[in-house]
Every structure is written in C-alpha cells, then in structure tokens.
**Q** 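The structure under discussion is supplied below as structure tokens; questions concerning it will follow.
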Number of protein chains: 2
Amino acid sequence: MNQVPDVLNPACDSRTVLRHLTDRWAPLIVLALVPNALRFGELRARIGTITPKVLTETLRSMERDGLVVRTVTPSSPPRVDYELSELGRTLTTPVETLREWAESNVEAVLANRARYDCGHAATRGH
Amino acid sequence: MNQVPDVLNPACDSRTVLRHLTDRWAPLIVLALVPNALRFGELRARIGTITPKVLTETLRSMERDGLVVRTVTPSSPPRVDYELSELGRTLTTPVETLREWAESNVEAVLANRARYDCGHAATRGH
DNA sequence: GATATCAGATACCTCAACGTAACCAAGAAT
DNA sequence: ATTCTTGGTTACGTTGAGGTATCTGATATC
C-alpha cells in the first residue's frame with residue numbers, strides 16, 4: 001500500500017490514473033458531458049472526428065473507472081445515454097483548467113513553434 | 001483564423017495544443033521542473049522509467065512549443081539544464097490540479113475498476 | 001419487401017509512439 | 001592506456017492505440 005500517492009513515483013497507481021485522464025479522447029468527452037448527458041450519437045457529433053469504435057472503447061474505460069454512467073433505454077432503435085458520475089463531475093475543474101490554458105495559449109505556442117522551426121532550419125543543412 | 005479557440009472544434013489548433021499537453025511524459029516533466037531546473041540526468045532519475053531517447057524527444061517538443069528552456073554549458077562531461085519558461089510556468093496550476101485529482105482519487109478509481117470487473121466477469125462467459 | 005435508425009460489434013490494418021541496445025566525443029580520473 | 005562520466009544520437013524492433021469497413025438486431029416507416 002502506498003501511504004502517500006505520488007505521480008512522480010513510477011510504482012504509484014496514481015500515475016496510471018493520470019495517464020488515463022490524459023487519454024486522447026477522455027478530456028474531450030468530459031468537456032462534452034459537463035453541460036448535460038448525451039446520447040452516443042450526440043457525443044460522437046459533438047467531438048467530431050472520433051470513430052464509433054474508439055468512442056465505445058473510451059466510454060467503457062471511463063465507465064469502468066467510475067467516471068461515466070451509461071444508461072440503456074431498451075427501445076428500438078435503442079437509446080443509450082452517457083453522463084458524468086459524481087466522481088466524474090469532480091473532474092470538471094481540472095479538465096476545464098487545462099482547456100482554458102490550451103485555448104488561451106494557442107497563439108503563443110504556435111508562434112513559438114514557428115520561431116523554433118525557423119531558427120533551427122538554417123543550421124540543419126542535412 | 002479562429003476567432004474564439006474551442007477544443008471541441010476539431011479544426012481548432014487548441015485541440016493539438018491540448019493533445020500535446022497530455023502527451024505521456026509532458027505532465028510529469030512539468031511537475032518535475034516546477035521546484036527548480038534540472039539536468040538531463042536528474043530529470044531522468046526524477047521520472048524514473050523514461051528512456052533517454054524519449055526524454056530527449058519530449059524535451060525538444062516542449063522546447064519547440066516554448067514551454068521549456070534548454071541551457072548548455074559546454075564543459076566535459078557536458079552539462080545541460082532544463083527549466084520551465086515563463087509560459088511553461090503558467091502550466092503549473094493546470095498540471096498540479098490534474099495531479100491532485102489523480103492522487104486524491106486513486107483509491108476510488110481502483111475500487112470502481114474492481115467492482116466493474118467483478119460485476120461483468122460473470123456475464124462474460126467466453 | 002426495402003430501407004432507415006441507433007448503438008454498437010467484429011475483423012482487420014496502419015502507424016506513430018515507445019522501448020532496446022549500441023555507440024559517440026571530450027576530458028578527468030585511475 | 002584504459003576507464004568513467006554526461007548527454008545525447010542512431011538504427012532497429014515492438015506494441016498498442018487508433019482507424020476502416022462491414023455487419024447486426026429490432027422496430028418503424030415507405
């Protein structure tokens with residue numbers, strides 16, 4: 001048992017949790033579900049480029065971790081709703097914080113990349 | 001030009017920025033560099049399981065984005081220090097927030113997983 | 001009877017990320 | 001003269017995340 005979880009400790013489970021949080025689609029799914037629950041197809045449309053297979057996989061993984069609740073309404077065609085669990089809702093702040101950073105600093109990062117690529121292209125006479 | 005950056009818009013560059021922030025090792029590198037600058041070897045030891053190749057790659061990428069500053073002291077053996085840039089330091093709060101969530105909720109997530117695996121194992125008579 | 005809807009399942013393939021192992025230069029220590 | 005050190009580079013191999021394409025079941029609509 002780890003007394004104090006520490007992501008900088010390679011053996012600590014919190015590291016795998018952090019890694020899960022930073023899965024490619026997980027933050028976007030959280031963001032999409034913050035306002036309200038969404039059906040599978042709505043979620044897919046909201047995110048835009050995710051394939052059904054990967055969306056299913058990611059949602060299952062998040063359901064397993066207890067971040068997302070999956071509710072099936074057995075009708076035809078079937079209806080499946082996804083919503084953040086109580087635990088999942090506590091992710092709102094961390095993920096929103098990350099989102100805000102990304103959105104506020106896109107321009108700066110893009111500028112840095114351009115500057116870097118420019119400055120290093122000259123000396124790299126391959 | 002995007003007027004208002006939005007990570008939920010697949011075409012928006014902020015999405016690639018977010019994805020970069022959630023690279024496997026990037027958050028750990030940020031966390032390791034928050035207290036103070038570190039040499040290559042120190043950083044490697046601090047993170048524990050990263051290989052030199054991947055550490056180099058990730059640091060270059062972060063340097064390109066302007067998150068990290070690389071300082072070479074031409075001596076022998078060489079000395080190279082890495083530190084967060086001004087922009088990189090603004091990542092402290094977002095990343096620390098994520099870290100705290102992960103460390104505070106490891107146990108809950110682990111419990112959820114166990115519960116899920118238990119409940120679904122019975123019906124999965126492969 | 002044909003087609004559409006919804007939420008996937010399934011088989012297959014691709015590729016980029018990640019890892020392994022070996023090597024390097026330059027000086028300092030033994 | 002050989003070995004150690006630091007901060008990498010290079011070539012190569014592996015893996016797993018993600019993508020593509022096709023199919024299903026149950027009803028409802030045309």
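Numbered from 1 within each chain, the chains take letters A, B, ... in sequence-line order.
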**Q** OG1 of Thr58(B) to CG of Leu43(B): how many Å apart, nearest 0.5 Å?
**A** 10.0 Å

**Q** Quick one: closest heavy-atom pair of Thr92(A) and Leu84(A), and the distance?
**A** OG1-CD1, 4.5 Å

**Q** For Asp81(B), which residues count as a salt bridge (charged side-chain N to carboxylate O under 4.0 Å, His left out) partner, sequence neighbours excluded?
**A** Arg79(B)

**Q** Below 4.0 angstrom, which residues in residues 20-34 of chain A have at least one non-hydrogen atom near DNA chain C?
**A** none

**Q** In whole Å, I'd like the distance from the CZ atom of Phe40(B) to the C1' atom of dT5(D).
**A** 14 Å

**Q** Which heavy atom of Leu18(A) sits nearest to which heavy atom of Pro27(B), and what is that distance?
**A** CD2-CB, 4.5 Å

**Q** May I have the step-by-step check of salt bridge (Lys or Arg N to Asp or Glu O under 4.0 Å) for Glu57(A) and Lys53(A), ending in yes or no?
**A** CA-CA 6 Å; Glu57(A) 284 173 358; Lys53(A) 183 202 159 200; 3.6 Å; yes

**Q** Salt bridge check: are Arg99(B) and Asp6(A) linked by an N-O gap of less than 4.0 Å?
**A** yes

**Q** Does dT6(D) have OP1 or OP2 sitting under 4.0 Å from an N or O in the side chain of Arg39(B)?
**A** no

**Q** Roughly how far apart are Leu67(A) CG and Glu86(A) CD, rounded to 0.5 Å?
**A** 12.5 Å

**Q** Check DNA chain D for consecutive Watson-Crick or G-U pairs with both distances under 3.5 Å and list the runs of at least three as stems.
**A** C:1-30 with D:1-30

**Q** Round to a whole Å and report the spacing from OH of Tyr82(B) to P of dG7(D).
**A** 9 Å

**Q** In this structure, how many angstroms lie between the P atom of dC6(C) and the CG atom of Leu59(A), rounded?
**A** 17 Å

**Q** Count I, L, V, M, F, W, Y as connected when their side-chain heavy atoms are under 4.5 Å apart, and connections chain through other members. Are Val4(B) and Val109(A) then in the same cluster?
**A** no

**Q** Does the Ser75(A) side chain pair with the main chain of Pro77(A), one donor and one acceptor, at a distance under 3.5 Å?
**A** yes

**Q** Considering residues at least two apart in sequence or located in another chain, which fulfil the salt bridge (charged side-chain N to carboxylate O under 4.0 Å, His left out) criterion with Arg24(A)?
**A** none

**Q** Round to a whole Å and report the spacing from CD of Glu57(A) to C1' of dG18(D).
**A** 8 Å

**Q** Starting at atom CD of Glu42(A), determine the distance to atom C1' of dT5(C), rounded to an integer number of angstrom.
**A** 14 Å

**Q** Identify, residue by residue, the members of residues 43-54 of chain A with a heavy atom below 4.0 Å from DNA chain D, and return them in order of residue number, or none.
**A** Thr51(A), Lys53(A), Val54(A)

**Q** Polar-atom pairs under 3.5 Å, protein N or O versus N or O of nucleotides 27-30 of chain C: list them with distances, or write none.
**A**
| unit_1 | atom_1 | unit_2 | atom_2 | d |
| --- | --- | --- | --- | --- |
| dG27(C) | O4' | Ser76(B) | OG | 3.3 |

**Q** Surrounding CD of Glu100(A) (heavy atoms of other residues, nucleotides or ligands, distance under 6.0 Å), is the total greater than 12?
**A** no

**Q** Atom CG of Leu55(B) and atom C1' of dT6(D): how far apart are they, to the nearest Å?
**A** 13 Å

**Q** If you look at every heavy atom in Val69(A) and Ser85(A), which pair is closest and at what distance?
**A** CG2-CB, 3.8 Å

**Q** Leu38(B) has an atom CG; how far is it from atom P of dG8(D), in whole Å?
**A** 13 Å

**Q** Hey, is the main chain of Val7(A) close enough, under 3.5 Å, to the side chain of Glu103(B) for a donor-acceptor pair?
**A** yes

**Q** Do any N or O atoms from the side chain of Asn9(A) and from the backbone of Ala11(A) form a donor-acceptor pair under 3.5 angstrom?
**A** yes

**Q** Between Val80(B) and Pro78(A), which residue's closest nucleotide on DNA chain D lies nearer the 5′ terminus?
**A** Val80(B)

**Q** Answer yes or no: does a side-chain N or O of Arg19(B) lie under 4.0 Å from OP1 or OP2 of dA16(C)?
**A** no

**Q** Would you tell me if any nitrogen or oxygen in the side chain of Arg70(A) comes within less than 4.0 Å of OP1 or OP2 on dG8(C)?
**A** yes

